[in-house]
Amino acid sequence: MTIHALTSEDNGKIAEIIESPDGIRFILRGVGLTTPYFAGMLSRMLICSYGKPWDAEPVLLNQPRVSSTPASILINGQIRDLDVTVELSFGLHRVLHLIVNWTNRSGKLLADTAVGIVFELPEREKENITIPHMIYNNNPSSDPRRIVPKLGAEEGFICEEHRLPIPCVNVEWTEKEESSYISLFSEPSLAYTEEGDGNYGSLGVLRDDGHTAITAMSGVLMFNGGKDIYYVGKSKTEPYSGGYLDFPAEYSLSKHYMLDWGRLPQTGWGFREAVRKGWQLFEPQGASPLTLDEIIRLKTNALDDRWRSSEGAAGYIKFNDSNDFGKVNRHPLHFLYGWTGQCLKLAWCDAKLGFVQGDEERIARCGQTVSFYLQGSGTGVPGLRSCSYELESRTWGNFTLNGESVVASRAYGETISDLADIILLYREHGRDVPTQWITELREAADFFCRAALPSGIYPTGWLKDGSACDAMVTGAGVPCVIAAAKAYRATGDRKYLDHAGAVLERYYDLHARTFERPFARSTLDARCEDKEAGMYYFLAAFELFDLTGDARYGQWAEVAADWLLTFVYVWSPGYDPGAPLRENQFNAVGWPGVSVQNHHLDVFFPTYELWWFGRMTGNKAYSEIAKTVMEAMGQGICTKPGEWGFTVVGEQGEGFYQTHYHQRGHSNVWNPSWIIALVLSNALRLRYGTEPAFAG
């Protein structure tokens, strides 16, 4: 028996290749630990398949030869018609680097080829798999009637590298009360066919008899057990003919993988290791096409276009009729409060601009918007208000969930939080706050204090009589916690702070303590694990940490921030020639995705709070990431009529398609008003906050 070993001296990782009569064994372990993190036979680690559909069964490496130096181990052999080399070495950032090369030495064309590497793990009772943006502990809160990525006992999920913000599969497990993890990263790279078409690799998990096999392939796909299937839209899949490679004679395909492993201080938090290593390994460099001042100027123009005041109504319409594509009125003009409308957040932006610029008209517009909302939106239940107003019919309305009219807890919590922010903004600038605003803020906060479910959290929404519309355990109602905390900030009434803390602790117990049930169902039309549920949990924990200085809330905010960052791109995919994103040099670094259902990029992100949280805690990485995110979101903004399909300067599409969700390499012109509100409010706070973030 011959042992070839590599040791990472700075963190005690050991990689071993053991040659014996039984074959070659690959082992990953830690110094002083007898139980390995991974142990597998090389004969079960390589895939080589010809023809469609591809064959996932590993193939024996023939005539294997192993050589080593103190710094690296090299394995050579043949797998079917291909020469294969695997080079192992410890490199930067305390990970094991694997360079795998497949070369066609057969002298003939090998058509429809698929190659890859797998790491088969033993069956374990408690296992949590994270594939960023795709799989979070198998997406337990997703609606079973909808199609989203899933892992069955005998199924798998393998997706394109460009579908992954962090191209990584992270698996954690708990045995004997100790939690461990292993992560496989793939450095995204394009392979080319003879026609010159680019083909990214693919990454995911295969399942067989309950066993998990982390799998990296040369581009072939598997969706929920179905080979050559890909996800193309909301709850929609189609057959996929791509992913296969033709290997001409002497053609070589080389892929760079990285392995990380270790112990975890907390069960369920293995995804944090993928985030930390991802930002180190890929050294993200985002785009910065506009300054903060330019973003503010452009978004302010879009804000002004949304202002409407007539017959006593005042606010900012969700969809406008000013762009050429919108002049055929697709939607009745209406105000939407919270979610994709953010009417009061837009009012806050107007007032903030007014105070910065000395523009009384803007401050007055904010006041009109708030007063109109408070005077007309009541439902008859004290503290509960409607969520929308249609201008033409002059009627107030709500969301429809399961066929019933519902005040969504997510949208209502956001709106009351914005009301508190407006009150605080007025006070900051020495303006009198109308008594009605304080009274109605208190009434809403009182409603939140009595409207939680027996489980201690908020329902998805409330019916017209104030009763809960459901009793599901979801993160949809977390914005109500933020509203209660901000009500304390605005009124000084301690009961609101105490209530916010108690409810947030229940959300922590149900979601963030172990992530057995990850944050979900805040994106109201998706019903699945989503970025926005985690975003509001982070904001709630951040708010309580800022108010109290309690280290618990700081830790909760930190773990939520890391969960959020699994949705944020650390690399930028390439696009086919002629694609608009390629022509406009769109850089995905810093852009967040949406949910396990909606695989596109958008601007819903707590940019300012993440930046400030980094400053508060001394974690400079968060502040740097927030800066990257804010600057990246300057892309796609219309700077002159006709850009990005818009007529109105300052508009920006809701979706940018970095993957095969809708049309890859394109963006849309769907422009609900939240896209203005989120970017503008974050930019204003970063530019004109107590401590400005970076240059205008």
Side-chain angles (χ1 to χ4, degrees), residues 23-24 26 38-62 64 77-82 84 86 98 100-102 104 110-124 127 129-131 134-135 138 149-161 163-164 167-171 182-186 188 191 199-231 237-247 253 255 257 259 660:
I24 297 175
F26 188 118
F38 170 79
M41 300 302 294
L42 192 62
S43 59
R44 295 290 305 170
M45 292 182 64
L46 294 169
I47 293 175
C48 179
S49 168
Y50 304 142
K52 300 178 180 179
W54 58 282
D55 187 351
E57 185 65 20
V59 180
L60 179 67
L61 183 70
N62 293 311
Q78 288 77 43
I79 180 171
R80 294 191 169 170
D81 297 295
L82 299 176
V84 179
V86 182
L98 279 73
V100 186
N101 187 275
W102 294 268
N104 180 8
L110 303 176
D112 295 331
T113 301
V115 294
I117 187 168
V118 295
F119 298 84
E120 296 179 332
L121 305 177
E123 184 175 5
R124 297 183 173 103
E127 186 180 71
I129 299 170
T130 300
I131 305 177
M134 301 294 124
I135 297 284
N138 212 17
K150 283 280 192 178
L151 297 170
E154 305 298 326
E155 299 177 340
F157 174 80
I158 298 174
C159 67
E160 313 92 321
E161 287 175 336
R163 209 175 283 264
L164 302 176
C168 171
V169 175
N170 172 272
V171 179
I182 183 170
S183 297
L184 174 66
F185 296 87
S186 175
N199 183 79
Y200 272 105
S202 49
L203 200 60
V205 163
L206 293 170
R207 301 297 294 272
D208 181 24
D209 193 27
H211 292 260
T212 294
I214 303 173
T215 306
M217 296 297 298
S218 54
V220 291
L221 306 182
M222 176 180 285
F223 188 89
N224 298 5
K227 294 176 182 176
D228 299 337
I229 301 291
Y230 70 155
Y231 187 75
T237 61
E238 290 182 357
Y240 180 67
S241 59
Y244 293 87
L245 294 174
D246 287 345
F247 274 62
L253 174 67
K255 285 292 291 183
Y257 304 110
L259 282 164
H660 292 135

Any donor-acceptor pair under 3.5 Å linking the side chain of [X] with the backbone of [Y]?
| X | Y | answer |
| --- | --- | --- |
| Arg80 | Val59 | no |
| Asn138 | Leu151 | yes |
| Asp112 | Tyr50 | no |
| His211 | Pro122 | no |
| Ser202 | Gly219 | yes |

Next item on the list: Check the pair Glu161, Leu164 against side chain to side chain contact (heavy atoms under 4.5 Å, CB included), reporting the backbone distance first and the verdict last.
Entry: CA-CA 6 Å; Glu161 287 175 336; Leu164 302 176; 5.6 Å; no
Rounded to the nearest 0.5 Å, what's the gap from [atom1] on [X] to [atom2] on [Y]? Could you check?
| X | Y | atom1 | atom2 | result |
| --- | --- | --- | --- | --- |
| Asn170 | Ile135 | CG | CD1 | 13.0 Å |
| Asn104 | Asp81 | CG | CG | 7.0 Å |
| Ser49 | Ile79 | OG | CD1 | 10.0 Å |
| Leu203 | Met134 | CG | CE | 11.5 Å |
| Ile229 | Cys159 | CD1 | SG | 14.5 Å |
| Ser43 | Leu61 | OG | CG | 9.0 Å |

Check: Relative to each other, are the rings of His660 and Tyr240 parallel, tilted or perpendicular (30° and 60° limits)?
Finding: tilted
Pairwise side-chain contact, [X] with [Y], heavy-atom cut-off 4.5 Å (strictly under):
| X | Y | result |
| --- | --- | --- |
| Val205 | Ile129 | yes |
| Lys227 | Val220 | no |
| Tyr244 | Thr113 | no |
| Glu238 | Tyr230 | yes |
| Trp54 | Asp228 | yes |
| Trp102 | Leu245 | no |
| Pro149 | Ile131 | no |
| Leu259 | Phe119 | yes |

Over all heavy atoms of both residues, which pair between [X] and [Y] is shortest? Give the atoms and the distance, please.
| X | Y | value |
| --- | --- | --- |
| Leu206 | Ala56 | CD1-CB, 3.9 Å |
| Asp246 | Ala111 | OD1-CA, 3.2 Å |
| Thr215 | Met217 | CG2-CG, 3.8 Å |
| Ile24 | Pro64 | CD1-CB, 3.4 Å |
| Ser186 | Lys255 | OG-NZ, 3.5 Å |

Next item on the list: Could you tell me if the ring centre of Phe185 sits under 6.0 Å from that of Tyr257?
Entry: no
Next item on the list: Tell me, with the steps shown, if Ile117 and Leu98 meet side chain to side chain contact (heavy atoms under 4.5 Å, CB included).
Entry: CA-CA 10 Å; Ile117 187 168; Leu98 279 73; 4.1 Å; yes
Notebook entry, point to check: Which is it for Val115 and Val100 under the side chain to side chain contact (heavy atoms under 4.5 Å, CB included) test, yes or no, and what are the steps along the way?
Noted result: CA-CA 10 Å; Val115 294; Val100 186; over 6 Å; no
Next item on the list: Kindly determine whether Arg44 and Val118 satisfy side chain to side chain contact (heavy atoms under 4.5 Å, CB included), including the steps that lead there.
Entry: CA-CA 8 Å; Arg44 295 290 305 170; Val118 295; 5.9 Å; no
Next item on the list: Show your working on salt bridge (Lys or Arg N to Asp or Glu O under 4.0 Å) between Arg207 and Glu120 and close with a plain yes or no.
Entry: CA-CA 9 Å; Arg207 301 297 294 272; Glu120 296 179 332; over 6 Å; no
